[in-house]
Structure formats: structure tokens, C-alpha cells
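Read through the structure below, which is laid out as C-alpha cells, and then see the notes.
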Amino acid sequence: MDWKDFPRWGRKVADWAAEYHGGLRDRPVRAQTRPGDILRALPESAPEKPESVEAVFEDFETIVMPGMTHWQHPRFFAYFNSNAAPASVLAEYLASTVAAQCMLWQTSPAATEMETRMMDWLRQGLGLPEGFAGVIQDSASSATLAAVLVMRERALGWEGNKAGLAGQKPVRIYASAEVHTSIDRAIWVAGVGEANLVRIPITGKRRAMDPDKLREAIAADRAAGYLPAGIVACTGATGCGASDDIAAVCDVAEAEGLYVHVDAAWAGTAMICPEFRDLWAGAERADSIVFNPHKWLGAQFDCSAHFVRSPEDLTRTLAIQPEYLKTHGADGVVNYSEWSIPLGRRFRALKLWFLMRVYGMEGLRDMVRNHVRWTEALCEKLRAHPDFQVVTDPVLSLFTFRYLPKGAEDADALNLKLITAINDAGVIYLTQTRVDGDFVIRFTAGQFLSEERDFETAYDAICEAAARL
Ligand SMILES: *Cc1c(COP(=O)(O)O)cnc(C)c1O
């Protein structure tokens, strides 16, 4: 195949894409395959001779598609969603056609300058003040790792990268137990060590870390010869939406000279709506914030927006300039690869540009507001049902519940049975979590294609599966 054949296949794929999305409602949400089914259907080695695109495309439909879980399905209510708005898909098509490596300004000035502008559009959209600079990272995990490295380097007087960590005072980082596991991994990879991730107990309905306990932990650590470096706070944590009191966390951080990173990977999207910003009040005082346009906003994976108050701290931690990466004669330009851990970077800003222009901030806000409203309505219907208990109230479009009919004995086992029955039926797709040790079912919405009727279907699917148990 060469570029001469491309238009024909490009059109075929475009038609396939539109048809696929149009027919999603009729498919089961979760793949109905068994482990090994796909592996067995794939030859053990690559072909020696070229095959036709027709043959490959046919196998894509018959072998691959049955093994896909449909993340764009309007009744996908599991995990956190991963939207792909059609305008964003178009932009990705273009970006992968040009396939530029956008590591330095000069390796594609448009990609760098577009990224600067798009990150500022997003900053304004979220209501963050001027003074935050942004960079697109591949994932929230990467952004959090970068932030943890900055915490470490700042605390060690910028000596960690050079001298290594042996012989240094142990660096300490603080977070609640509600934060995402990407924080644990950042701590491992940064060489801080899990033993130095200090878990602060939570308090209140928002399951926020207790600022008094945070202050006490820092004081105790200083007295014991540790080196407090930073705090990772969360807005809308993965399990059930726990949200720290960012203003209170920043009070402590400012008094103690610590760096604050806010993980709002999922909930950050909702901050485009002013009425939801209470959830992260004080975020404008953080040093670093991450949210994933590749979750709720509609830019498909990967696209993680990372805002920092001091890009100098980030580049002082991550920038490295061998001769082959120097940009002679173009000083004063931004080289975003110095702001992130991987060197290579795709042109990710393009899909944000298409997305924000084609839907408008108003269109994106409407989508978020609908999801929140329909989720609240579903939650109230389940609350009113005598056999269900709402365990955690909606945080934006996320809540958890349990099936607790009268006389139920082993509630954990019963709810595992229920969620298995719901997902096997395939009408909707839900996942589970634990809240204070209890096994609970998690509902979260955020699909571009979801409509109010899909939430009504969700209620029926839950009740019907429960009745069948
Ligand atoms: C999804 C999520 C992450 C991880 O995001 P990646 O971009 O996949 O690394 C981190 N934190 C929270 C709160 C999340 O919801």
C-alpha cells in the first residue's frame, strides 16, 4: 500500500467510523470474549509476503472488533470514560498523517505555539489565574511523576539528579489514602520510596485529608530528621470522588514551604463550569495541577493538561541539553520536551484546537452539566428504591451504591454477583470499588453520546439484574 491507495481506504475507514458510532447503542458495552480467544485467532509469526489491505481490514472486523470493549458506548458507565469527539478524531488523523516529532520548537514551531495557546485557552476555561503555564503530558501519571520529581529536587537543593539520593535526608511527601495509584508509582519511580509517602487520615463527607493531621505529620517528620518536600492533593479521586480542601492544604504548604500538586485528572474537566469550582476552591494557589482532557472533555487518549506556576522549577528538574538538542539561534523559544519525561512528543494540541472550536466552550459545558444532572437523577431513583443504598453521594457524575434487600446476609458477595450479572447482560457497563472496606458498585458518566434515556436504561438494567438474582 502506498499513498496513492490511501484515499480509497481513508474513505472506507471514515464510513466505517461513522457507521460504528451510529450503531453503538445496539452492541453490548463490554467485550464478550474469553481470555485467549483473540490470541488464538492471530498467526504466531508475521507474514513474509505482503497481504492485501482488504484481507487485513476483514480480519480487523472479524477478529479484533468482537474483542473490543466499547468505550464510546453511550451506556459505558465504568471506570472514568475516555471520550473521542469526532472533531478530535479528525485532528488525530491529520496529526498522524503529518507525523511530526514535536520535541523542540524548531522541530515544528506550529505544534509548540499551538500548545502554548491551547493550554492558555484551557487555563481560562478552568478559571485559573494568569501566571500558570501549561504543557501537554502523555498522561496524568507522567505529570504527577514530573511534579514529584520537582518536589524532590526543590527539597534537596537541586542536588538529587546530580548526587543521587543515597546519603540525603529522606524526602517526605504527603497525601491521603484516597489518591490514585499513579501517586504511589511516582513515589516509587522518583526514588522517594513508599515508606516516605505519608498517608494523612481523611475527614468529613468529602473524604478530604485532615489539615490538622497534615500539619502534625510534617512537624513530627521535621523533628525526626526527615525532609518534607510536597503534598499531593486530589480533586475527584478515582474510587468515589474524594476531594481535598485545596485551600486548607495550601495554607499548610505555604507555612511550611512545601510544593503542592493537585491531581484532578477526571474532575478537572468539570471546572469549565463555574458552578462546580467549589470542589477545588484554592486550586489557584497550587504549584502544579493536572487534568485529563482525554477523559471527560472529548480529546481522545492521550492528552493530559499540566499547569505549573513555575516552569523554571520543572525545566530545572527535567531539562537536559546535549549538543544534538541545542537550538542555536532560536533562544527564548519554548522546547516542551524539557518540561516532560519522554523526549519525543506527538502533536497533541491540534485535537484540543479542533475540539474547542468545533463544540465551543459552551457546548462542552452543556455536555458536562447534562451528565451531572442525569447522574443525580439516577442516584435519587436508586435512593428511593427500598432495596438500594447510596453509599457515597454524587461528586459531579460519580456515585457509589449497594444492593441491600431486606435480610441480605453477605452484602459484599451479593453485590459482586449483581455487578457480574449487570455486566454479563451487556446493556450497561459498571465497575466496583471499596468504601470503608465495603464492596460497592460505582456509577460514573461522561460519554459524548450519552442521552437522558441511557440513564433511564441504566436504572432498568440495574433493577432487572437485581430481580434476576
Ligand atoms: C485516570 C486518573 C489518573 C491516571 O491518569 P492517566 O492519564 O491514565 O495516567 C490519575 N488520577 C486520577 C484521579 C485519575 O482519575
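Nothing here was measured: the structure is a model prediction, and the numbers come from that model. Whatever order the structure lists them in is the order used to number ligands and atoms, beginning at 1.
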Do [X] and [Y] meet the cation-pi criteria used here (NZ or CZ under 6.0 Å from the six-membered ring centre, within 45° of the axis)?
X: R365; Y: Y359; value: no
X: R172; Y: Y226; value: yes
X: R309; Y: F132; value: yes
X: R357; Y: W353; value: yes

**Report entry** N292 contact mode with ligand 1 (heavy-atom cut-off under 4.0 Å)
**Finding:**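 It is the side chain that gets close, since no backbone atom is under 4.0 Å.
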So if I count the atoms of ligand 1 from 1 in the order they appear, which ones are less than 4.0 Å from some heavy atom of [X]?
X: F80; value: 15 (O)
X: T238; value: 12 (C), 13 (C), 14 (C), 15 (O)
X: S182; value: 10 (C)
X: H294; value: 7 (O)

Which residue owns the protein heavy atom closest to [atom], what's the atom, and how far is it?
atom: atom 9 (O) of ligand 1; value: S141 OG, 2.5 Å
atom: atom 11 (N) of ligand 1; value: D263 OD2, 2.6 Å
atom: atom 7 (O) of ligand 1; value: A140 N, 2.8 Å
atom: atom 4 (C) of ligand 1; value: H180 CE1, 3.5 Å
atom: atom 1 (C) of ligand 1; value: K295 NZ, 1.4 Å

Query raised in the report: So is G236 polar-close to ligand 1, meaning N/O to N/O under 3.5 Å?
Result: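 No, since none of the N or O atoms of G236 sits under 3.5 Å from an N or O of ligand 1.
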Query - Residue from T400, D436, T433 passing side-chain hydrogen bond (donor to acceptor under 3.5 Å, both in side chains) with T392 - result: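 Only match with T392 under side-chain hydrogen bond (donor to acceptor under 3.5 Å, both in side chains): T400.
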Query raised in the report: H306 vs H261 aromatic rings, parallel, tilted or perpendicular, using cut-offs 30° and 60°?
Result: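 Geometry flag for H261 against H306: perpendicular rings.
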Query raised in the report: Any Lys/Arg nitrogen of R348 or E92 sitting under 4.0 Å from an Asp/Glu carboxylate oxygen of the other?
Result: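 Here R348 does not pair with E92 in a salt bridge, since their nearest N and O are not under 4.0 Å apart.
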**Report entry** Residue pair D244, R206: steps toward the salt bridge (Lys or Arg N to Asp or Glu O under 4.0 Å) verdict
**Finding:** CA-CA 7 Å; D244 289 319; R206 286 176 44 154; over 6 Å; no
